Amino acid sequence: MQNENYCLITGASEGFGKALSIECATRKMNLILVALPGPELYYLAAFIKKNYGVEVIAIEKDLSKEENCMALFDEVSALGIKVNMLINNAGIGSTLLFNEGTIQLYQTQIKLNILATTLVTRLFVGMLERNSPAYILNVGSLSSFFFLAKKQVYGGTKSYIYFFSKSLRRELRPEGIRVSVICPGSMNTNTSIRLLNRSCNWLARQAVMEPEEVAPIAIDGLLKGKEVIFPGRVNRLFLLFDKLLPAFIKEKITGHQLKKLNSVTIMRSKLQPVPVMEKIKSFTV
């Protein structure tokens, strides 16, 4: 029997979104791929249709703009197709000191990471309910559990995703909708991030995962109805240490980290200023 349902994935054209798209296609899910305008979206859609034999609809939308969230829903509704799975992956990551970021960056980050996820979920929840059993996967981050330097705004937005997902799960369970949140650590989502991850210390490098490793863990966890999905043994170990370590030790570690960051910043400023945009990691974990 042919599958008539569709899985809608935001931020689908690159990185973790691309890996999720291919993983869902291997499971014979029809797809609605949403991403920023660009050829990568259509390359991926064509590749999936050719190699996996599923239906793929590609939609260009910048979801940091509220009107585009509404337009996405209207466009999908007009197609008359059934959506029974929503994966909110679109987001902007950053790794920089707070006073290095621009107001525009933080506005866009909050709009995309928080507002777009909330609006798209609210818009599609009725459609998901009509096509239940249905699923929502929100992409959070391990950084929402740690108070890390250079992750203040990004970690805050992912803390919202974690709280939002856990509360929503309890509300939508009676409606036949399962809600899960995945909280990955660092992933090699593009070349610049891969190089940055290689420069980390040995322990941090052990926690880095490939998007293709995380994607099947995410979909398996979602389909099994897991509330929170933590991929990677090292990442789960970090969480355990965080619970076991006394607060004063964690404060010392954070203080040492900040001193190290400040010394590096001073040295770099004496050599050559680094543009803010070069420090931004545009990924969703």
Side-chain angles (χ1 to χ4, degrees), residues 5-18 20-21 24 29-38 40-42 44-45 56-94 103-132 134-141 153-154 156-169 171-172 175 177-182 218 222 282-285:
N5 293 320
Y6 281 75
C7 171
L8 189 155
I9 304 175
T10 66
S13 62
E14 296 180 323
F16 190 40
K18 181 179 179 179
L20 287 167
S21 301
C24 289
M29 299 179 190
N30 298 317
L31 300 172
I32 303 169
L33 305 182
V34 184
L36 289 169
E40 295 83 4
L41 176 62
Y42 297 100
L44 178 61
V56 184
I57 298 169
I59 300 178
E60 294 181 324
K61 286 286 184 293
D62 177 0
L63 296 180
S64 66
K65 300 177 180 178
E66 296 175 43
E67 61 270 23
N68 287 343
C69 296
M70 312 291 185
L72 171 63
F73 176 73
D74 291 341
E75 193 168 333
V76 172
S77 298
L79 293 172
I81 57 180
K82 299 178 179 179
V83 175
N84 78 326
M85 184 178 289
L86 171 63
I87 300 179
N88 288 307
N89 170 69
I92 297 176
S94 60
I103 290 177
Q104 182 183 9
L105 166 65
Y106 295 142
Q107 285 178 324
T108 303
Q109 193 168 50
I110 292 169
K111 285 180 180 178
L112 188 58
N113 295 11
I114 293 179
L115 188 57
T117 295
T118 306
L119 289 181
V120 170
T121 302
R122 178 61 185 88
L123 288 163
F124 281 93
V125 72
M127 187 181 297
L128 293 169
E129 185 178 341
R130 291 192 297 272
N131 297 312
S132 63
Y135 305 85
I136 297 173
L137 176 66
N138 293 325
V139 178
S141 172
V153 176
Y154 177 70
T157 64
K158 292 304 180 178
S159 294
Y160 171 89
I161 295 299
Y162 180 77
F163 187 96
F164 171 66
S165 301
K166 295 197 73 170
S167 296
L168 194 65
R169 177 185 176 89
E171 288 187 29
L172 297 183
E175 312 303 328
I177 303 174
R178 294 180 178 182
V179 180
S180 299
V181 57
I182 183 166
L222 176 63
S282 298
F283 67 117
T284 321
V285 299

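Predicted model, so just to flag it, every value in this text is computed and none were measured.
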Asker: Are any non-hydrogen side-chain atoms of Met85 and Leu222 less than 4.5 angstrom apart?
Answerer: yes
Asker: Does Asn138 use its side chain to pair, donor to acceptor, with the backbone of Val181 at less than 3.5 Å?
Answerer: no
Asker: Starting from the C-alpha separation in whole Å, work towards a yes-or-no answer on side-chain contact (heavy atoms from CB on, under 4.5 Å) for Asn30 and Asn5.
Answerer: CA-CA 7 Å; Asn30 298 317; Asn5 293 320; over 6 Å; no
Asker: Nearest heavy-atom pair of Val56 and Ala45: which atoms, and what distance?
Answerer: CG1-CB, 3.7 Å
Asker: If you take all heavy atoms of Ala35 and Ala12, which pair is closest and at what distance?
Answerer: CB-N, 4.0 Å
Asker: I'd like to know whether Leu31 forms a side-chain contact (heavy atoms from CB on, under 4.5 Å) with Cys24, so could you lay out the CA-CA distance, the side-chain angles of the two residues, the decisive distance to 0.1 Å, and finally the verdict.
Answerer: CA-CA 8 Å; Leu31 300 172; Cys24 289; 3.7 Å; yes
Asker: Provide the closest heavy-atom pair for Ile92 versus Asn113 in the form atom of the first, atom of the second, distance.
Answerer: N-OD1, 2.8 Å
Asker: Hey, what do you get for CD (Glu67) to CG (Asp62), rounding to the nearest 0.5 Å?
Answerer: 8.5 Å
Asker: Any heavy-atom pair between the side chains of Leu72 and Ile59 that's under 4.5 Å?
Answerer: yes
Asker: Atom CG in Leu123, atom CG in Asp74: separation rounded to 0.5 Å?
Answerer: 8.0 Å
Asker: A side-chain contact here means heavy atoms from C-beta on lying under 4.5 Å apart; do Leu115 and Ile110 qualify?
Answerer: no
Asker: Of the non-hydrogen atoms in Lys18 and Leu44, which two are nearest, and what is the gap between them?
Answerer: CG-CD1, 3.9 Å
Asker: How many angstroms lie between atom CG of Leu63 and atom NZ of Lys65, to the nearest 0.5 angstrom?
Answerer: 11.0 Å
Asker: Contact between Ile87 and Cys7 at the side-chain level, heavy atoms closer than 4.5 Å - yes or no?
Answerer: yes
Asker: Surrounding CD of Gln104 (heavy atoms of other residues, nucleotides or ligands, distance under 6.0 Å), is the total greater than 12?
Answerer: no
Asker: Please enumerate all residues that pass side chain to side chain contact (heavy atoms under 4.5 Å, CB included) together with Tyr42, with sequence neighbours excluded.
Answerer: Ala58, Glu60
Asker: To the nearest 0.5 Å, what is the distance between CE on Met127 and OH on Tyr6?
Answerer: 12.5 Å
Asker: Could you tell me if Thr118 and Tyr160 have a donor-acceptor pair between their side chains, going purely by distance under 3.5 Å?
Answerer: yes
Asker: Please find the pair of heavy atoms, one from Ala218 and one from Leu20, that lie closest to each other, and give the distance.
Answerer: CB-CD2, 4.0 Å
Asker: Taking Glu75 first and then Lys61, would you say they form a salt bridge - that is, a charged N and a carboxylate O separated by under 4.0 Å?
Answerer: yes
Asker: Only one of Val83, Leu86, Thr10, Ile9 passes side chain to side chain contact (heavy atoms under 4.5 Å, CB included) with Ile32; say which it is.
Answerer: Val83
Asker: Less than 4.5 Å apart, any side-chain heavy atom of Ile81 and any of Ile57?
Answerer: yes
Asker: Work out which heavy atom in Leu128 is nearest to a heavy atom in Ala134; give both atom names and the distance.
Answerer: O-CB, 3.4 Å
Asker: Which value, rounded to the nearest 0.5 Å, describes the distance between Thr117 atom OG1 and Lys111 atom NZ?
Answerer: 14.5 Å
Asker: For residues Ser64 and Gln109, determine if any side-chain heavy atom of one lies less than 4.5 Å from a side-chain heavy atom of the other.
Answerer: no
Asker: So how far is it from Ser21 OG to Asn89 CG, rounded to the nearest 0.5 Å?
Answerer: 8.0 Å
Asker: Using the test ring pair (Phe, Tyr, Trp, His ring centres under 6.0 Å), find all partners of Tyr162 that sit at least two apart in sequence or belong to another chain.
Answerer: Phe145
Asker: Are there more than 12 heavy atoms of other residues, nucleotides or ligands under 6.0 Å from atom CD of Glu66?
Answerer: no
Asker: Quick one: which of Asn84, Leu168, Leu172 gives a side chain to side chain contact (heavy atoms under 4.5 Å, CB included) with Ile177?
Answerer: Leu172
Asker: With sequence neighbours left out, what residues match Lys82 under salt bridge (Lys or Arg N to Asp or Glu O under 4.0 Å)?
Answerer: Glu4
Asker: Could you check Phe124 against Val76 for side-chain contact (heavy atoms from CB on, under 4.5 Å), going step by step and ending with a plain yes or no?
Answerer: CA-CA 10 Å; Phe124 281 93; Val76 172; 3.8 Å; yes
Asker: Side chains of Thr121 and Asn88: any donor to acceptor distance under 3.5 Å?
Answerer: yes
